[in-house]
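Following: one structure in structure tokens, then a few remarks.
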Amino acid sequence: MSGPLSERRRSGTREKMEAAAAERGPAAAGGGVAPRGPRAAAVPERLQRREAERQREAERRRQEKAAQAVQEEQSGFFAAAFSRERAAIEALLGPGPGQAEAEAALEEAAARLQGLQKLLTDSVRFLAPYEVRQAQEALSRLQGALAAKRQQLQPKKRFAFRARRKEAESGPPPAPAGQLPPESAPPPAPAGQLPAEGEGSGPPQCGFSRAEAQTLELGPSELLQRDVLLADLRDCRVLLRGNPNTLRVRDCRGCTLLCGPVSTSVLVDGCSDCLLVLACQQLRTHRTRDTRIYLQVTSRAMVEDCSGVRFAPYTWSYPGIEGDYESSGLDRDRNNWNQVDDFDWLARDEPSPNWSVIPEQERISQWD
């Protein structure tokens, strides 16, 4: 009796053990050690995440390398094209065989210079800041040579002894208070000679200097494609309704300047506590403090040795501004007012402390 009963008991015990092993999983049934808890399962997940991060980093580096190769190729193309076109313009501005040929060469040089300016404007997005600066300085010197050549080719006045005697007796008419008289301009550079960096496109042809607490104005006929100098002004309000060729603003304090579209460059140097409203192709700002600039610029603006300079988009308007934009050649739909290169701040991953954007709630919209 004990034999069959014992056999049945042993068989039941084996069935229970097999069922319990099946519930614990295959590893336990085979005699192995079963994984226990989420910690063991997290090990392969960490490896998978690490591998995914490694692949993403490798892809990012590959894309950066490809972008750098493209940028270097574009930069090399720009340098070659710019150098070739600059040499052609310098040759056109050199000595010519005759008056008619020189005038034709001058017009061609002006057209090619405008094309060279457009090449720089279209290329600033992939150029390094120092490349933009070098190109802008070269453009400024070419503009000076063009202005000097144009002035040299202007017809000279005939000699008249009586007229000169009369002028000597009466003297030249006095210029309005603060306005630059024509003879204040320095003598033109020899044809083909390029001015130093920062000297704009030639001798100033109109402007104001050494005035204090005045409202100063120039209109379209006085400004059209002329070079303007504003110097040593204190607490003045200056209205330039028209299209200058270049504009230089130097050593001004506490002034408000509203200017129409400038065909080429604006240089602001040594100013403080000013409000400047400018539309131009290029802007260079040196040694300037605590100044607000409402700007339209088709290339990138540059600041150097500056602090407390704040930017906002250009918002001034006046009757006739559309015609001034047309004669200036500026593209109203292109404005890089907040794309500023600070040559005293080379860290690309941190914003420069020397310039900032004016908050929208603080911006001026009405200028009258």
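By convention here, the first residue in the shown sequence is residue 1.
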Expected output: side-chain Thr256 to main-chain Leu275 donor-acceptor under 3.5 Å | no
Side-chain donor-acceptor contact under 3.5 Å, Thr246 with Asp227 = yes
Closest heavy-atom contact between Leu139 and Leu120?
-> CD1-CD2, 3.5 Å
With a 4.5 Å heavy-atom cut-off, do Val303 and Phe343 have their side chains touching?
-> no
Check: Asn335 side chain, Val297 main-chain N or O, donor-acceptor pair, under 3.5 Å = yes
Is the side chain of Asn336 donor-acceptor paired with the backbone N or O of Thr298 at a distance under 3.5 Å, no angle test?
-> yes
Nearest non-hydrogen partners of Thr285 and Cys306, listed with the distance = O-SG, 3.4 Å
Might you point out which heavy atoms bring Ser263 and Leu330 nearest each other, and give the distance in Å?
-> O-CD2, 4.2 Å
Between Tyr325 and Asp331, do the side chains contain an N or O donor and an N or O acceptor separated by less than 3.5 Å?
-> no
Main-chain N/O of Gly219 paired to Glu222 side chain as donor or acceptor, under 3.5 Å = yes
At what distance, to the nearest 0.5 angstrom, does CG of Asp251 lie from OG of Ser209?
-> 11.5 Å
Could you verify whether a donor N or O on one side chain and an acceptor N or O on the other, from Glu59 and Gln55, lie under 3.5 Å apart?
-> no
Identify every side-chain donor-acceptor pair in residues 354-362 under 3.5 Å, counting partners at least two apart or on other chains, and give the distances.
unit_1	atom_1	unit_2	atom_2	d
Asn354	ND2	Asp342	OD2	2.7
Glu362	OE1	Arg310	NH2	2.9

When rounded to the nearest 0.5 angstrom, what is the spacing between CG in Asp324 and SG in Cys259?
-> 9.5 Å
Value rounded to 0.5 Å, distance of CZ in Arg284 from CZ in Arg248 = 10.0 Å
Any side-chain heavy-atom pair of Leu240 and Leu247 under 4.5 Å | yes
Looking only at side chains, do Asn243 and Ser327 share a donor and an acceptor under 3.5 Å apart?
-> yes
Any side-chain heavy-atom pair of Asp269 and Thr288 under 4.5 Å = no
Start with the C-alpha gap between Trp316 and Tyr314, add the side-chain angles, then the distance that decides, and say whether ring pair (Phe, Tyr, Trp, His ring centres under 6.0 Å) holds.
-> CA-CA 6 Å; Trp316 190 42; Tyr314 184 90; 7.0 Å; no
Residue pair Arg112 / Leu92: nearest heavy atoms and the distance that separates them | CD-CD1, 3.8 Å
Asp305 vs His286 side-chain heavy atoms within contact, under 4.5 Å = no
Min side-chain heavy-atom separation Asn338-Phe311 under 4.5 Å = no
Determine yes or no for a side-chain-to-main-chain donor-acceptor pair under 3.5 angstrom, with Trp367 supplying the side chain and Val277 the backbone.
-> no
How long is the span from the CZ atom in Arg60 to the CD atom in Glu53, to the nearest 0.5 Å?
-> 12.5 Å
Heavy-atom neighbours of Glu326 CD exceed 12 at 6.0 Å | no
Residues that Arg237 engages under side-chain hydrogen bond (donor to acceptor under 3.5 Å, both in side chains), provided they are two or more places apart | none
What pair of heavy atoms forms the shortest contact from Leu295 to Cys280, and how long is it?
-> CD1-SG, 4.2 Å
Considering all heavy atoms of both residues, which atom of Ile364 and which atom of Thr315 are nearest to each other, and what is their separation?
-> O-OG1, 3.4 Å
Is the backbone N or O of Arg289 less than 3.5 Å from a side-chain atom of Ser272, with the two atoms forming a donor-acceptor pair by type?
-> no
